[in-house]
Every structure is written in C-alpha cells, then in structure tokens.
Amino acid sequence: QVAGFIESRIEALSLQSFFVRGVLSPEVPDLCRIGISDQDDEWYLLGLVNGLRELERYAVNRGQALDLPSLHVCLSVAQCLEQALMQFDFRNSDLRRRFDGVKYAVRKLE
C-alpha cells in the first residue's frame with residue numbers, strides 16, 4: 001500500500017506544481033523516498049502519469065467552458081511529458097500501460 005500512497009502523493013503534488021508553477025514535475029519529498037532508486041523512480045513516474053490524467057480531466061472541463069488558452073497550456077504540458085517518457089524503454093510493465101494512456105490523453109486534448 002506504500003506504492004499507492006506515494007503515487008497519489010506525487011499525483012497531488014504534480015497538479016499543485018502545474019497550477020502554481022506551470023510545470024507538472026514536482027520535487028519529490030523525502031517522506032516519499034524509500035531509498036531504492038529504481039523503485040523511487042518508477043513510483044515518481046507513475047504519479048506523474050496519474051497527475052497528467054487529472055490534468056486531462058481539468059483540460060476537458062476548460063474546453064467545455066471554451067477556455068482555449070488554458071486548454072492549449074494543458075496540451076503543451078501533456079505533449080512535453082509524452083516526449084520525455086518516449087525516451088524510456090518500459091517493456092511490458094505497468095509504466096508501459098500507463099504511458100499508452102498518456103498518448104491517448106494527448107490525442108484527446110488535440
């Protein structure tokens with residue numbers, strides 16, 4: 001259950017970071033680090049992807065309100081995250097499945 005907590009925490013921090021600083025990638029609090037680099041990185045990336053899915057919901061609502069500037073900012077952030085994640089080779093993992101969700105989110109916002 002630690003993994004779920006950390007993912008949710010990173011997700012919330014991602015959204016907060018977006019609304020405060022305009023970027024989706026927050027600093028990882030020491031509380032959320034377990035000291036195993038690969039595991040910490042995976043949970044961080046999963047949290048970012050979850051944050052993007054919430055940002056997608058926000059963007060869809062902004063689009064329904066015809067707030068096109070906000071929609072374009074959200075699309076730009078989604079595209080940046082997609083491009084960054086394309087640098088990885090996730091194989092057949094949970095990250096790979098969620099990365100596929102990122103691609104669908106970008107297409108939806110376009």
Side-chain angles (χ1 to χ4, degrees):
Q1 302 306 350
V2 172
F5 166 77
I6 292 175
E7 285 178 40
S8 295
R9 180 75 171 138
I10 298 298
E11 175 185 339
L13 290 173
S14 296
L15 284 174
Q16 179 184 23
S17 175
F18 173 76
F19 290 122
V20 172
R21 301 181 311 144
V23 295
L24 198 61
S25 52
E27 289 289 323
V28 179
D30 289 334
L31 175 68
C32 292
R33 296 174 199 247
I34 62 167
I36 302 171
S37 300
D38 291 344
Q39 201 67 44
D40 286 345
D41 294 344
E42 183 176 346
W43 290 344
Y44 181 78
L45 291 174
L46 288 169
L48 278 181
V49 170
N50 290 344
L52 178 67
R53 298 307 301 237
E54 291 299 321
L55 185 65
E56 173 193 3
R57 289 182 188 94
Y58 169 78
V60 167
N61 288 332
R62 297 312 316 149
Q64 289 173 344
L66 300 177
D67 182 2
L68 295 181
S70 293
L71 183 59
H72 289 297
V73 169
C74 293
L75 174 60
S76 176
V77 168
Q79 289 172 330
C80 287
L81 181 60
E82 179 187 30
Q83 290 298 315
L85 291 175
M86 287 176 72
Q87 305 304 312
F88 295 95
D89 180 18
F90 293 126
R91 310 258 178 204
N92 290 326
S93 67
D94 193 31
L95 269 171
R96 176 63 196 192
R97 288 183 289 281
R98 296 219 198 155
F99 172 64
D100 291 341
V102 169
K103 292 189 289 187
Y104 296 128
V106 170
R107 301 302 168 260
K108 184 176 183 178
L109 294 178
E110 288 176 334

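Everything numeric in this text was worked out from a predicted model, so none of it was measured.
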Next on the checklist: Rounded at 0.5 Å granularity, tell me how far CG in Leu52 sits from OG in Ser14.
Outcome noted: 9.0 Å

Checklist entry - Do the side chains of Glu110 and Gln79 get nearer than 4.5 Å, heavy atoms only? => result yes

Item to check | Distance, nearest 0.5 Å, that separates CG of Leu109 from OH of Tyr104 | outcome: 15.0 Å

Checklist entry - Taking only residues two or more places apart in sequence, or in another chain, which ones meet Tyr58 in a ring-ring contact (aromatic ring centres under 6.0 Å, His included)? => result Phe19

Item to check | Note: Lys103-Asp100 ion pair, threshold 4.0 Å (strictly below) | outcome: yes

Item to check | Exercise: identify the closest heavy-atom pair between Leu15 and Leu55 | outcome: CD2-N, 3.9 Å

Checklist entry - Same hydrophobic cluster for Val23 and Val106, using side-chain heavy-atom links shorter than 4.5 Å among ILVMFWY? => result no

Checklist entry - Can you tell me how far CG of Leu81 sits from CE of Met86, rounded to the nearest 0.5 angstrom? => result 11.5 Å

Checklist entry - Does any pair with a residue in residues 45-55 pass salt bridge (Lys or Arg N to Asp or Glu O under 4.0 Å), and if so which ones, sequence neighbours excluded? => result Arg53-Glu56, Glu54-Arg57

Item to check | Partners meeting salt bridge (charged side-chain N to carboxylate O under 4.0 Å, His left out) with Arg98 (sequence neighbours left out) | outcome: Glu7, Asp94

Checklist outcome for this item: residues 74-85 vs salt bridge (Lys or Arg N to Asp or Glu O under 4.0 Å), sequence neighbours excluded, gives Glu82-Arg107

Which donor-acceptor pairs under 3.5 Å do side chains of residues 64-77 form with protein atoms, sequence neighbours excluded?
unit_1 : atom_1 : unit_2 : atom_2 : d
Asp67  : OD1    : Ser70  : N      : 3.4
Asp67  : OD1    : Ser70  : OG     : 3.3
Asp67  : OD2    : Arg62  : NE     : 3.0
Asp67  : OD2    : Arg62  : NH2    : 3.2
Asp67  : OD2    : Ser70  : OG     : 2.6

Item to check | Minimum side-chain heavy-atom gap Ile10-Trp43 below 4.5 Å | outcome: no

Checklist entry - Is the backbone N or O of Leu13 less than 3.5 Å from a side-chain atom of Ser17, with the two atoms forming a donor-acceptor pair by type? => result no

